[in-house]
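Below: the structure, in structure tokens.
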Amino acid sequence: MKTCFVCHEARPLEDFHRDAAREDGRRSTCKPCRALSSRWEKLEARYSLSREEFYKLLDEQDGRCAICLTHLPKGTAVVDHCHETGVVRGLLCTPCNLGLGHFKDGREPFLFDQARAYVTK
């Protein structure tokens, strides 16, 4: 067992990446904390969205997907943004984000109308 430097939880050694330079052969940060850290760095770089802004947006959406309103479990929210301007629109669940992507980011609104007409036949 080893205690993570970030979350301070005692975890099995398998929960830590290998690091030959360390005395115990494992990194000091557990895999889940390391993944979260990497995620925040990506959000900042891609969308200029800080951790605080992300959680504010999640709070404004009441912890729900901006489209289907389902609850977004921790770590599952996807940042939706305009591919032309880069402006963040909101947080989505993965199915809604993928679905929106199939509609070419809304650049062709007639696709939404076509899909609506199709499913209401």
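Connection of Leu69 to Leu72 is not established within any shared hydrophobic cluster, with ILVMFWY side chains joined at heavy-atom distances below 4.5 Å, either directly or through further cluster members.
Between Val79 and the choices Leu43, Leu92, Asn97, the side-chain contact (heavy atoms from CB on, under 4.5 Å) rule is met once, by Leu43.
Applying the side-chain hydrogen bond (donor to acceptor under 3.5 Å, both in side chains) rule to pairs touching residues 60-77 yields nothing, sequence neighbours excluded. Note on residues 32-52: no pairs pass salt bridge (charged side-chain N to carboxylate O under 4.0 Å, His left out), not counting sequence neighbours.
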Report all side-chain donor-acceptor pairs from residues 109-120 shorter than 3.5 Å, counting only partners two or more places apart or in another chain.
residue, atom, partner, partner atom, Å
Asp113, OD1, Arg116, NH1, 3.2
Thr120, OG1, Arg116, O, 2.8
Thr120, OG1, Ala117, O, 3.3

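The two residues Cys65 and Cys93 have their closest heavy-atom pair at SG-N, 3.4 Å.
Residues Cys4 and Ser28 are not in side-chain contact: their nearest non-hydrogen atoms beyond the backbone lie 4.5 Å or more apart.
Partners of Glu53 according to the side chain to side chain donor-acceptor pair (under 3.5 Å) rule, which considers only residues two or more places apart in sequence or in another chain, are Ser50. Under the ring-ring contact (aromatic ring centres under 6.0 Å, His included) criterion, Phe54 pairs with Trp40, sequence neighbours left out. Shown here are the salt bridge (Lys or Arg N to Asp or Glu O under 4.0 Å) partners of Arg11, two or more places apart in sequence or in another chain: Glu9, Asp15.
The backbone N or O of His81 sits less than 3.5 Å from a side-chain atom of Arg89, completing a donor-acceptor pair. Looking at Arg26, its side chain does come within 3.5 Å of a backbone N or O of Phe16 through a donor-acceptor pair.
Within 6.0 Å of atom NZ in Lys31, more than 12 heavy atoms from other residues, nucleotides or ligands are found, so the atom counts as buried in its surroundings.
For the atom pair Lys56 NZ and Leu49 CG, the distance stands at 11.0 Å (nearest 0.5 Å).
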